Structures are given as C-alpha cells and as structure tokens.
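A short worksheet on the structure shown next.
Predicted model only: the values in this text are computed from it and were never measured. Numbers here simply count residues along the sequence, with the first being 1.
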Amino acid sequence: MSEFSLIHTHFKHLTAPHQHTVLGIGDDCAISNIPPNSQLVSCVDTLVAGRHFVHETSPHAIAYKSVAVNLSDLASMGAMPYAILVGLSLPKSMANDDFCQAFAEGLAAACTPFGVELIGGDTTSSPILTISVTALGFVPHGQAITRQGACVGDVVCVSGTVGLASLALHGILDDLNGDGHANRPPESLPEKLCQAMQYPAPQVALGRQLIGFANSMIDISDGLGQDLGHILTASNVGAVIELDAIPSHALLDALPHAQKWQHQINGGDDYQLCLTMPSAKLDLFKTQNPDMPIYPIGQIVADKGLVFLHNKKEVDLLVKGWAHF
C-alpha cells in the first residue's frame, strides 16, 4: 500500500469538517481560522511501541489513546479541542488495511465526541511503531489556566480516581523496565483496569467549566506527585495532601497502603485533572455544576515541598513519577 493510498483510504474523510477549517487534508499545509477573541492552544505527544504501550495493544486502543492524551493536555488549560495532526511511523508489516482501518477507527472514536477534525499529518516507514499527535484548541483570550497561579490557601483537587492505569500496567508486565511485551493481553484485565489504561477519558468539559474558578491546573500523566509538583514549582508554593482523600477504587483499596499510594502518587497515565482553587470558589463551582464532581485532597501552603498525611500523621513517600530518560 502506498503512502497516498493509505491516507486517502483510511484518513482523508475520517472526521467531519470543522467550521474553523479552511483547508484540511490534501495540501502541503492545513489552513484554519481562529475564532474572535480567542487564543490558539497547541500541544504534541509521541507514543512509541514498547515504551508507552505494550506491543500486544490493539491498533484501535493505540490510536484512541494517542489522541486522548493530547486532548487531556488541552483540557488542563481550559481549551476547547479543535483539530489534530497525526504523524504515523509504521513498520511494513503493519502497513495493511486491517491495521490501518482499526487504527483509523480508534482515531475517530477519540475525535468524534469532541467534534475534533483530523486536518493533516504524515506517514512513513519505520522499524518501530511510533505515533505523534499534535492537537490544537481555542481558549477565550487571556483565560487559559496554567500551572503558575496556585495561591496559599487554595484547595488542591482532582477530577477523579487516580492509580488504576498504573495498577493495570503492573498487572500485565513483568516490570516497568521490561521489553515492552505483556505477560497477557491488556483485554484480559478486569474491564475497569483495561478501560483506565487504554481508553482514558479527557476531561474536556470540566476543563472548560473551570475557567474563572481554578487558579492553576495540570493533567495527571506522569503521576499525581510529580505533576502537582510542577504546579508547586511554577507557583513557588508547597502543598499538604491527605492520602485518604484521593479518590480510589475497590481494586486499589484491596492493596496494602504502601502499594496503593505508589500507584496513586507515582503511577501516572490517569489523565485526570489536578487543580487548585479558593475554597469559596470550590463551593460555588459545586453548586453551579453538580454533575461535574471534583474532589478536594489537600491545601496549598507557603512552605515549599509536598507533604503527605495519613490519619493526620506525616507519611514519608518518595515522589518519582514517570521518567523518559
């Protein structure tokens, strides 16, 4: 299959045209209009087989997650996703209709709920499957939520359960430094774990609603401890976190505390939002958005660093999170 045949057959008409697209797939560049009084927000993530997903992962799940992790980045700044560009480096053994069709369907499954259009990209042959997705979105001018605004007294919140994706990964690998092959296919995991690891839900609607409420925000990709640490560093503050307040699940609660906390604090790959806001605004947000639960887990303090408490006693936890190098 030629590159152009692959693009035309599987990707050219994959998503519905967006109102802000002037020219999409088919030329050297895409052309887009930016809505009035808006700013363009952009991000890119690269996923590599054996590093970011096990080789046994289905092409549908690979494609879905490649898009979802980028939409999560946009959500963390309060942006409305608009479009994606996809760079696909494909082993020749995968350059066939079966793989490409399933991969394309995974892209569509992630894009369609948010009205996101695939407006361009590139394909090439490679010995290792690698997917690089660039996502574009719009945010009202001057209202993007960044990592820099956390204030002393803010409540630290998360948008949902943390730690399940890490538990899933440990369930299929010998260890985190293995060869990227699974002991068993991800689909053999309990449904909740499989869903958490392969099909994370970007918190786009919540991110948009938090404009005007949250002082700072980040998505949890590299571990709650490490990602919250980015907010603390950027904002020049510290935080105290109540470990028992972190939203959990029965599968995590069945573990010894030390193991559970490692998944929650250092596991990553959750793609929930971590944010800070004044307590008065938290109460107002809950009143105005009863269908969008967020969970207070701690408080921003003046003293630098990250302190963890369990039963009002300090717990010594090493924050390490995900490291690419």
Side-chain angles (χ1 to χ4, degrees), residues 38-39 41-43 45 64-65 67-84 109-116 135-140 142-151 154-165 192 195-197 199-224 227-228 230-231 234-235 239 241 245-249 264 267-300:
S38 296
Q39 291 175 303
V41 182
S42 56
C43 59
D45 268 298
Y64 176 95
K65 190 169 182 179
V67 175
V69 300
N70 282 276
L71 300 188
S72 181
D73 280 332
L74 295 181
S76 73
M77 302 194 81
M80 176 61 73
Y82 150 56
I84 60 167
C111 289
T112 301
F114 304 103
V116 170
L136 309 174
F138 303 120
V139 68
Q143 295 187 44
I145 306 169
T146 71
R147 305 175 182 183
Q148 300 177 26
C151 300
D154 275 4
V155 182
V156 180
C157 302
V158 293
S159 61
T161 301
V162 177
L164 282 177
K192 189 69 174 179
Q195 188 80 14
M197 183 172 70
Y199 293 95
Q203 301 297 306
V204 172
L206 176 60
R208 292 282 290 176
Q209 287 300 111
L210 284 165
I211 291 177
F213 289 93
N215 283 337
S216 65
M217 190 154 64
I218 193 170
D219 74 325
I220 304 172
S221 56
D222 297 330
L224 172 59
D227 289 322
L228 174 56
H230 294 319
I231 288 179
S235 303
I241 299 300
I246 300 173
S248 189
H249 185 275
Q264 291 180 317
D269 232 20
D270 296 297
Y271 302 102
Q272 297 290 346
L273 298 177
C274 177
L275 57 123
T276 75
M277 69 168 73
S279 58
K281 285 193 174 183
L282 175 59
D283 292 338
L284 180 61
F285 183 87
K286 288 182 175 181
T287 299
Q288 295 183 355
N289 301 276
D291 296 328
M292 291 185 172
I294 53 177
Y295 304 89
I297 63 169
Q299 190 172 36
I300 296 297

Is it true that a side-chain atom of Y271 and a backbone atom of Y199 form a donor plus acceptor pair closer than 3.5 Å? no
Quick check: do I84 and V67 have side-chain heavy atoms less than 4.5 Å from each other? yes
Starting at CD of Q209, measure out to CG of D291 and round the result to the nearest 0.5 Å. 10.5 Å
Side chain to side chain contact (heavy atoms under 4.5 Å, CB included) between M217 and R147: does it pass, once the steps are laid out? CA-CA 5 Å; M217 190 154 64; R147 305 175 182 183; over 6 Å; no
Using a 4.5 Å cut-off on heavy atoms from C-beta on, say whether the side chain of R208 contacts that of M80. yes
Positive for side-chain contact (heavy atoms from CB on, under 4.5 Å) with L273, one of D219, I220, D227, I145: D219
Check whether any side-chain heavy atom of Y295 lies under 4.5 Å from a side-chain heavy atom of C157, and answer yes or no. no
So do P200 and D269 actually touch side chain to side chain, heavy atoms under 4.5 Å? no
Considering all heavy atoms, the nearest Q203-A75 contact: O-CB, 3.4 Å
F285 vs F213 aromatic rings, parallel, tilted or perpendicular, using cut-offs 30° and 60°? perpendicular
Is there a side-chain contact between I297 and P247, using heavy atoms and a 4.5 Å cut-off? yes
Working to the nearest 0.5 Å, report the span between CG of L164 and CE of M197. 11.5 Å
Distance-only donor-acceptor check, side chains T276 and D154, under 3.5 Å: yes
Quick check: closest heavy atoms across L228 and A239, and the distance to 0.1 Å? CD2-CB, 4.4 Å
Find out whether V158 and D270 are in side-chain contact, i.e. whether some heavy atom of one side chain is under 4.5 Å from a heavy atom of the other. no
Calculate, to the nearest 0.5 Å, the distance between atoms OG and CG belonging to S76 and L275 respectively. 10.5 Å
Where do P202 and F114 come nearest, in terms of heavy atoms and distance? O-CZ, 4.0 Å
Closest non-hydrogen contact found for L74 with A135 is CD1-CB, 3.9 Å
Do S38 and V139 come close enough that some side-chain heavy atom pair is under 4.5 Å? no
Minimum heavy-atom separation for N215 and P278, please, with both atom names. ND2-CD, 3.5 Å
Main chain of G142, side chain of Q39: is a donor-acceptor contact present, judged purely on distance under 3.5 Å? yes
Side chain to side chain contact (heavy atoms under 4.5 Å, CB included), that's the test. Do I294 and M277 meet it? Break it down for me. CA-CA 11 Å; I294 53 177; M277 69 168 73; 3.8 Å; yes
Does S235 reach the main-chain N or O of Q148 with its side chain, forming a donor-acceptor pair under 3.5 Å? yes
Donor-acceptor pair, S72 side chain versus A68 backbone, under 3.5 Å? no
Less than 4.0 Å between a side-chain N and a carboxylate O, is that true for K65 and D45? no
Hey, is the main chain of M77 close enough, under 3.5 Å, to the side chain of T146 for a donor-acceptor pair? no
Pairwise distance OG(S42) to CG(N70) - rounded to 0.5 angstrom: 10.5 Å
First locate atom CG of D283, then atom NZ of K281, and finally report the distance between them rounded to the nearest 0.5 Å. 13.0 Å
If only side-chain N and O atoms count, and only distance matters, is there a donor-acceptor pair under 3.5 Å linking S159 with Q272? yes
So, do V156 and C274 sit near enough that their side-chain heavy atoms are less than 4.5 Å apart? yes
Sub-3.5 Å donor-acceptor pair from the side chain of T112 to the main-chain atoms of A109, do we have one? no
So, Q288 side chain and K286 main chain: donor-acceptor pair closer than 3.5 Å or not? no
State, to 0.1 Å, how close A79 and V204 come at their nearest heavy-atom pair, and which atoms those are. O-CG1, 4.4 Å
